[in-house]
Amino acid sequence: PGGNFLLPGEFIPTAEDIGLIYPLGEWVLETALKQQMEWRQRGYPPIRISVNISPLQFMQNDFVQKISTLCEQAGADPSALAIEITEETVMENVETTRTVFAQLKEIGVHLSVDHFGTGRFSLVYLKQFPIDTLKLNSVFVKNISTDKADAAIASAIISMAHLLGMKVIAQGVERDEQRHALLSIGCDAIQGYVVAPPLSAEDVAAFIQNVVVVDK
């Protein structure tokens, strides 16, 4: 409105309330997969694209079929797509989550739990769900280089995830001292302004020409 951007915390709930989240979410997935294939065709290294999914999208009966169809239409390998959902979405309906997770893993999709560590996720389900990645909430990252409690919590989450065969991505990393602190406790990857600000597709293409992507 008025030429100003709305932040996700305001925009997404509005889109959910008026039902726009369904076509919008599908458009985002379709666009991301097409962009990924365009980069591959231009010779860039394979990159897994992560897409945040609304709880309303995730609970659709045909959600997995839509993912499969969109991947097929784009010519994309489902293993190159990561679906990110929040702790709250996981716990909203455990049995539905279990079923959808199993179906997504069956077609090869990567699964991430977003903003991990501050929601109501039960640790019991960490060993039951086929989760690939935990996204460490930025609340533990902000003062990780100076706050021993934050560092201890982050370290415990990383150690637990590794023992369960999962990787950890730290969110909201904005300073080098945060990056170094996370590196020292074995964090697998980071995201945030210390790497790059939000970029257009063309700017991403220029960015990845200067980095080496290793997917273990």
Whether [X] side chain and [Y] backbone form a donor-acceptor pair below 3.5 Å:
X	Y	value
D132	S112	no
E92	P55	no
E84	S50	no
E87	V113	no
S155	A151	no
Q57	S54	yes
R48	S79	yes

Within a radius of less than 6.0 Å around [atom1] of [X], do more than 12 heavy atoms belonging to other residues, nucleotides or ligands occur?
X	atom1	answer
Q128	CD	yes
N61	CG	no
E88	CD	yes
R40	CZ	no

Ignoring hydrogens, what is the shortest heavy-atom contact between [X] and [Y]? Give both atom names and the distance.
X	Y	value
G172	S138	CA-CB, 4.0 Å
S145	A181	CA-CB, 4.3 Å
C71	P78	SG-CA, 3.9 Å
A161	L134	CB-CD1, 3.9 Å
F207	A196	CE1-CB, 4.2 Å

Could you measure the distance from the [atom1] atom of [X] to the [atom2] atom of [Y]? Nearest 0.5 Å is fine.
X	Y	atom1	atom2	result
I67	I83	CD1	CD1	4.0 Å
F63	L104	CZ	CG	6.0 Å
Q36	Q41	CD	CD	11.0 Å
E16	F11	CD	CZ	10.5 Å
Q178	N143	CD	CG	8.0 Å
L81	L33	CG	CG	5.5 Å

Side chains of T133 and H110 only: does a donor on one sit below 3.5 Å from an acceptor on the other? yes

Among side-chain atoms of Q65 and T69, is any donor-acceptor pair under 3.5 angstrom? yes

Please step through side chain to side chain contact (heavy atoms under 4.5 Å, CB included) for the pair F116 and L126, ending with a clear verdict. CA-CA 11 Å; F116 184 81; L126 274 182; 4.2 Å; yes

Lys/Arg N to Asp/Glu carboxylate O, D147 vs K142, below 4.0 Å: no

Test: E38 and K34 ion pair at under 4.0 Å: no

Which residue pairs satisfy the salt bridge (Lys or Arg N to Asp or Glu O under 4.0 Å) criterion with at least one member in residues 20-29, sequence neighbours excluded? E26-K66

Going only through I, L, V, M, F, W and Y residues with side-chain contacts under 4.5 Å, is there a path from [X] to [Y]?
X	Y	value
M166	I169	no
I185	L183	no
L7	F5	no
M91	L123	yes
M37	I49	no

Side chain proximity check, [X] to [Y], heavy atoms < 4.5 angstrom:
X	Y	result
Q171	D114	yes
V90	Y125	no
I131	L164	no
N93	F58	no
F129	V94	yes

Once side chain to side chain donor-acceptor pair (under 3.5 Å) is applied, what residue pairs with a partner in residues 182-201 remain, sequence neighbours excluded? K135-Q191, H162-D188, S200-D203

In this structure, which one of I53, T14, I12 forms a side-chain contact (heavy atoms from CB on, under 4.5 Å) with I21? I12

For the pair V195 and E174, evaluate side chain to side chain contact (heavy atoms under 4.5 Å, CB included) and give the outcome as yes or no after the intermediate values. CA-CA 8 Å; V195 178; E174 300 180 347; over 6 Å; no

Tell me, with the steps shown, if T89 and T86 meet side chain to side chain donor-acceptor pair (under 3.5 Å). CA-CA 5 Å; T89 303; T86 63; 3.0 Å; yes

